[in-house]
Student: 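Below are the structure tokens for one structure; questions will follow.
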Amino acid sequence: MNSPLLSVEGLSKRFGGLQALSDVTFAVNTGEIVGLIGPNGAGKSTLFSTLVGLHRPSAGKVALNGRDVTGLRPHVIAANGLTKTFQNVSLFAGSSVLENVLIGGLVHSRVASARGFAMDCLERVGISDIAQRSAGSLSFPERARVEVARALCTRPKVLLLDEVMAALNTAEMDEIISLIRDLRKDGLTVVIVEHHMRAIMSVCDRIFVLNFGQLIADGPPAHIARHPEVVKAYLGREHDV
Ligand SMILES: Nc1ncnc2c1ncn2[C@@H]1O[C@H](COP(=O)(O)OP(=O)(O)OP(=O)(O)O)[C@@H](O)[C@H]1O
Ligand SMILES: [Mg+2]
């Protein structure tokens with residue numbers, strides 16, 4: 001059997017007296033689209049930040065393609081193929097869309113060569129026409145695509161998306177879902193944090209549930225939608241899948 005692309009073992013993160021992540025263990029296989037859900041403050045963003053090296057774990061191990069990347073610096077982890085988008089995105093409002101995206105490419109190359117690949121990434125997410133627009137002037141759906149393009153520009157194997165659909169309406173969300181499916185066809189593996197259950201349930205092969213920093217469930221959408229502990233902790237009611 002192939003080893004998982006992303007493997008997380010016993011990951012914990014403590015902020016002072018707050019145990020934000022407790023002994024989190026899971027694995028993601030190549031080509032999967034996995035959802036990560038849970039109540040506000042459950043530790044989803046902290047998990048992403050710890051995986052990509054923005055937080056140093058208090059305990060545990062992160063391996064990418066069999067290589068231990070625990071505790072490495074963020075740009076090194078990105079260069080190894082693990083990248084996340086940021087919740088509450090802070091694009092550089094005074095810079096162009098292209099400049100915002102090519103920042104991601106600087107993990108691998110200098111500005112001149114990053115520029116061409118940044119254009120390819122904008123093309124991939126369907127917004128090459130707004131490359132020269134100021135990032136401060138974008139609509140929510142455009143910003144979501146710029147965020148994805150910026151992450152793609154680091155050439156990830158595993159892409160972690162933190163609430164990129166937060167401000168979108170149903171039709172706009174469907175377009176991003178379709179983009180995520182296309183990215184999987186390109187060979188990407190994707191982990192999605194999102195509070196929109198319709199989006200999560202429709203696009204994910206598997207869903208992990210975090211509650212108070214602990215993984216309380218892991219399974220296909222139909223299983224998670226009816227999981228008593230998940231319904232109680234987060235969903236509030238059973239969902240149709
Ligand atoms: N840098 C930090 N320092 C101290 N506490 C933090 C820090 N980042 C997050 N926390 C705390 O860790 C817990 C988990 O926060 P986190 O942002 O990971 O939750 P989340 O699941 O992403 O929530 P949401 O759905 O609201 O985005 C919260 O109690 C939060 O206040
Ligand atoms: Mg969050």
Side-chain angles (χ1 to χ4, degrees), residues 4-29 32-64 68-72 74 77 82-90 147 158-167 173 189-241:
L5 180 54
L6 173 65
S7 157
V8 177
E9 263 179 55
L11 201 68
S12 295
K13 178 65 196 173
R14 173 176 279 281
F15 295 115
L18 178 83
Q19 191 72 43
L21 296 173
S22 296
D23 200 16
V24 173
T25 296
F26 65 89
V28 179
N29 298 310
E32 274 193 303
I33 300 178
V34 171
L36 176 63
I37 64 172
N40 295 118
K44 305 177 298 295
S45 295
T46 301
L47 175 57
F48 275 9
S49 296
T50 308
L51 293 179
V52 301
L54 290 168
H55 295 314
R56 181 173 280 274
S58 315
K61 191 178 142 184
V62 181
L64 194 61
D68 187 351
V69 296
T70 320
L72 298 183
I77 293 182
L82 183 58
T83 300
K84 81 174 188 78
T85 61
F86 287 83
Q87 187 179 0
N88 308 320
V89 292
S90 47
E147 266 298 302
V158 184
L159 176 59
L160 311 176
L161 300 176
D162 197 352
E163 297 201 32
V164 290
M165 293 181 253
M173 229 184 285
T189 301
V190 188
V191 185
I192 306 172
V193 166
E194 206 59 61
H195 285 291
H196 295 286
M197 278 313 103
R198 190 182 140 277
I200 281 280
M201 298 281 173
S202 69
V203 75
C204 293
D205 307 310
R206 236 165 14 112
I207 297 174
F208 300 129
V209 187
L210 265 185
N211 192 31
F212 291 113
Q214 290 183 312
L215 214 54
I216 59 167
D218 166 6
H223 170 74
I224 295 298
R226 290 175 177 74
H227 191 293
E229 202 181 344
V230 177
V231 170
K232 184 160 177 269
Y234 180 54
L235 296 177
R237 62 176 175 83
E238 291 192 2
H239 277 247
D240 295 323
V241 178

Student: Under a 4.5 Å cut-off applied to non-hydrogen side-chain atoms, are L5 and V28 in contact?
Tutor: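 The answer is no, as the side chains (C-beta and beyond) never meet within the 4.5 Å cut-off.
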Student: Side-chain contact, heavy-atom cut-off 4.5 Å: I207 with I200?
Tutor: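 With C-beta onward as the side chain, the pair touches.
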Student: Would a distance-only check, ignoring hydrogens and angles, find a side-chain to backbone donor-acceptor pair under 3.5 Å from T25 to G10?
Tutor: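 It does hold such a pair.
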Student: Measure across K84 and S49 and return the closest heavy-atom pair with its distance rounded to 0.1 Å.
Tutor: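 Heavy atoms only, the tightest pair is CE-OG, 3.5 Å.
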Student: Is there a side-chain contact between P74 and L54, using heavy atoms and a 4.5 Å cut-off?
Tutor: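 A side-chain contact under 4.5 Å exists here.
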Student: Could you tell me which non-hydrogen atom of T83 sits nearest to which non-hydrogen atom of V52, and how far apart they are?
Tutor: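 Residues T83 and V52, closest heavy atoms: C-CG1, 4.2 Å.
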Student: What's the spacing between L161 CG and L36 CG if we round to 0.5 Å?
Tutor: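 Here the rounded value is 11.5 Å.
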Student: What distance do L159 atom CG and T85 atom OG1 have between them, rounded to the nearest 0.5 Å?
Tutor: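 Answer for the CG-OG1 pair, L159 versus T85, is 7.0 Å.
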Student: Is there side-chain contact between V191 and F26, with at least one heavy-atom pair below 4.5 Å?
Tutor: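 The answer is no; the side chains never approach within 4.5 Å.
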Student: Any idea which heavy atoms bring S202 and A199 closest together, and the distance?
Tutor: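 Between these two residues, the closest heavy atoms are OG-O, 3.0 Å.
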Student: Looking at every heavy atom in both I77 and L72, which two are closest together, and how far apart are they?
Tutor: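 Heavy atoms of I77 and L72 come nearest at CD1-O, 3.5 Å.
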Student: For residues M197 and L235, determine if any side-chain heavy atom of one lies less than 4.5 Å from a side-chain heavy atom of the other.
Tutor: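 Yes. Closest side-chain heavy atoms under 4.5 Å.
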Student: Using a 4.5 Å cut-off on heavy atoms from C-beta on, say whether the side chain of T70 contacts that of P57.
Tutor: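 The answer is yes; the side chains approach within 4.5 Å.
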Student: Roughly how far, to the nearest 0.5 Å, is the OH atom of Y234 from the NE2 atom of H195?
Tutor: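 Those atoms lie 5.0 Å apart.
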Student: Do T189 and N29 make a side-chain contact, defined as non-hydrogen atoms from C-beta onward lying under 4.5 Å apart?
Tutor: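 Result no, sub-4.5 Å side-chain heavy-atom pair not found.
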Student: Taking salt bridge (charged side-chain N to carboxylate O under 4.0 Å, His left out) as the definition, give me every residue that meets it alongside D23, ordered by chain and number, with sequence neighbours left out.
Tutor: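 Per chain and number, D23 pairs via salt bridge (charged side-chain N to carboxylate O under 4.0 Å, His left out) with no residue.
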Student: With rounding to the nearest 0.5 Å, note down the distance linking CG in L47 to CG in L160.
Tutor: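 That separation rounds to 8.0 Å.
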Student: Under the side-chain hydrogen bond (donor to acceptor under 3.5 Å, both in side chains) definition, can you give me all pairs with a residue in residues 207-222, not counting sequence neighbours?
Tutor: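 Sorted result for residues 207-222: R206-D218.
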Student: Does a side-chain heavy-atom distance below 4.5 Å link L6 with V62?
Tutor: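 L6 reaches V62 side chain to side chain.
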Student: Counting distance only, does the side-chain N/O of K44 pair as donor-acceptor with the main-chain N or O of G38 below 3.5 Å?
Tutor: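 Here the side-chain-to-backbone pair exists.
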Student: For the atom pair OG (S12) and CD (Q19), what is the distance rounded to the nearest 0.5 Å?
Tutor: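 Interatomic distance, S12 OG to Q19 CD, rounded to 0.5 Å: 5.5 Å.
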Student: Please enumerate all residues that pass side chain to side chain contact (heavy atoms under 4.5 Å, CB included) together with F15, with sequence neighbours excluded.
Tutor: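 Residues passing side chain to side chain contact (heavy atoms under 4.5 Å, CB included) with F15: K13, L18, A20, T46, H55.
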Student: Using 0.5 Å steps for rounding, measure from the CD atom of E163 to the CD atom of E194.
Tutor: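 Rounded to the nearest 0.5 Å, the CD-CD separation comes to 6.0 Å.
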Student: Does any N or O in the side chain of H227 come within less than 3.5 Å of the main-chain N or O of E229, such that one atom is a donor and the other an acceptor?
Tutor: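 Side chain of H227 to backbone of E229: a pair is present.
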